[in-house]
A.B. asks: 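To start, I am sharing the structure in question, which I have written as structure tokens.
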Amino acid sequence: MHFKTIIEPFRIKAVEPIRFTTREQRAAALIAADYNLFKLRAEDVLLDLLTDSGTGAMSAQQWAGMMQGDESYAGARSFFKFEAAVRKVTGLRHIIPTHQGRAAERILFSTACTAGQIVPNNTHFDTTRANLEALGVRAVDLRCPEATQPSLVAPFKGNIDLAALDRCLTEHAGRVPFAMITVTNNSGGGQPVALANIREASALCKKHGVPLILDCCRFAENAWFIKQREPGQSHRTPADIAREMFSYADGCTMSAKKDGLVNMGGFLALNDDALAAKCRNNLILTEGFPTYGGLAGYDLEALAVGLKEVLDEHYLEYRVRSVAYLGDKLTAAGVPIVQPPGGHAIYIDARAMLPHVPQSEFPAWALSCALYVEGGVRSVEIGSVMFGRQPDGTEKPAAMELVRLAFPRRVYTQSHVDYLAEVLLYVHSQRDRIRGVKLVEAPPLLRHFTAKLAPAHDELLTS
Ligand SMILES: *Cc1c(COP(=O)(O)O)cnc(C)c1O
């Protein structure tokens, strides 16, 4: 007998209550937070979909592992467990722990890059771009053509544009320290990259003598999509597919707050002996000794277990399905989202949903505020508040106005998702009432974190 319902592949041993608020309380909280969801107290949020980074639930095995943490300064037993776990997944030679993904980026980039160089990627994540630009390196995004059409359904919208990569490596020969591929493509809607695309990108890099680095934060979700969607891959395990993905790379940077299933941690892994030695020296300056790299022994234990659990097929099936489940409900109700649903998040196309709100009044930001007031749901704007300000201080509307609903790992159940869908459908039915917002005060860089906003007209929702 084959039953078709995909269930949460765990039962719950410890519960954390969530706090219910009234609509009036949330409207007041939003005003107190200057219409900026980053400034809310988390206690005032019912379902928190701000990010999937470090917000997951650990397993009983991980908590048990933490009690075995060896807190020795150098050569701790926990380091060797961690190192073996990362090597098993990646096959890479040198494994360097860091406190999170951006530390791995900073250490690799400041060791391997110099000002005036160019680094191509399918799409640079914001910390990746910022760490390169801080060194005077140009971060170039080479998305495949399908990636820029939100409503287009295609299996691998995370792919790097191979022809553009070849051109970039030819044109800038000698000025590219390495190329990168981000799996899955977070800034591009959580879309996966095909195994064939990584293989061909790797071959191009070899031809040009340039190393390939994977930004591998969601390597397990990417491997699952390959198993589901790429011809000839369905019989393989996610671990086997992941190992092949890494075999095409010379190194990787990882935020273990995603597919490491931990609340804090990351690593840098490299094959090049000389580069790894330099990175370790750089690590000692800011992160710590190479066998702990800014993490406690117990963090390394939890990560070693997490890397094993994340490749479990029942976990990955549930994970990707729970996001697609919401996507299906929204699509059926006519709510415009980036298609197909990503591995870790649903992205609502706010420009399509609120055509009456001009881009200068930040439709995605306004929509995320409305979702909070009506349903206590916290999402994040990925639009013109986040990306509109140019380095020269001028404003340019973002390419897309998206509201991202990111799913923490193993935290919410199907009834939470059902509630979420109900909130989204209700707000969609009330969309004509939603008005735009305006910036009142904003810092020049990364303004979305701290900006103050207010309704552009009398109120956020007309009555
Ligand atoms: C989260 C993330 C990073 C940065 O990792 P942190 O742990 O937040 O420092 C880098 N790249 C991608 C694709 C990410 O999603």
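All residue numbers refer to positions in the sequence shown, counting from 1. Computed from a prediction, not measured in an experiment: that's the story for all the values here. Counting starts at 1 for both ligands and their atoms, following the listed order.
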A.B. asks: So, are R404 and E381 salt-bridged, with charged N and O less than 4.0 Å apart?
C.D. replies: no
A.B. asks: Among S255, A256, A103, whose heavy atom sits nearest atom 5 (O) of ligand 1?
C.D. replies: S255
A.B. asks: Suppose I only count heavy atoms of R218 and a 4.0 Å limit; which atoms of ligand 1 are within that range?
C.D. replies: 15 (O)
A.B. asks: Between E221 and T184, does any side-chain donor sit less than 3.5 Å from a side-chain acceptor?
C.D. replies: no
A.B. asks: Salt-bridged, D52 to K257, with N to O below 4.0 Å?
C.D. replies: no
A.B. asks: Atom 8 (O) of ligand 1: which protein heavy atom is closest, and how many Å away?
C.D. replies: R102 NH2, 2.9 Å
A.B. asks: Please report which non-hydrogen protein atom sits nearest to atom 1 (C) of ligand 1, along with the residue it belongs to and the distance in Å to one decimal place.
C.D. replies: K258 NZ, 1.4 Å
A.B. asks: Identify, for atom 10 (C) of ligand 1, the protein heavy atom at the shortest distance, and state residue, atom and that distance.
C.D. replies: E105 OE2, 3.1 Å
A.B. asks: Quick one: which ligand 1 atoms are inside 4.0 Å of a heavy atom on K257?
C.D. replies: 7 (O)
A.B. asks: Is there any N or O on T127 that sits under 3.5 Å from an N or O of ligand 1?
C.D. replies: no
A.B. asks: Would F10 and Y315 satisfy ring-ring contact (aromatic ring centres under 6.0 Å, His included), going step by step from the backbone distance to the final call?
C.D. replies: CA-CA 9 Å; F10 49 79; Y315 162 74; 8.5 Å; no
A.B. asks: Going by distance alone, is a donor N or O of one side chain under 3.5 Å from an acceptor N or O of the other, for E401 and S384?
C.D. replies: yes
A.B. asks: Taking only heavy atoms of T182 into account, list the atoms of ligand 1 that are under 4.0 Å away from them.
C.D. replies: 13 (C)
A.B. asks: Just need the protein heavy atom nearest to atom 11 (N) of ligand 1, so name the residue and atom and give the distance.
C.D. replies: D215 OD2, 2.8 Å
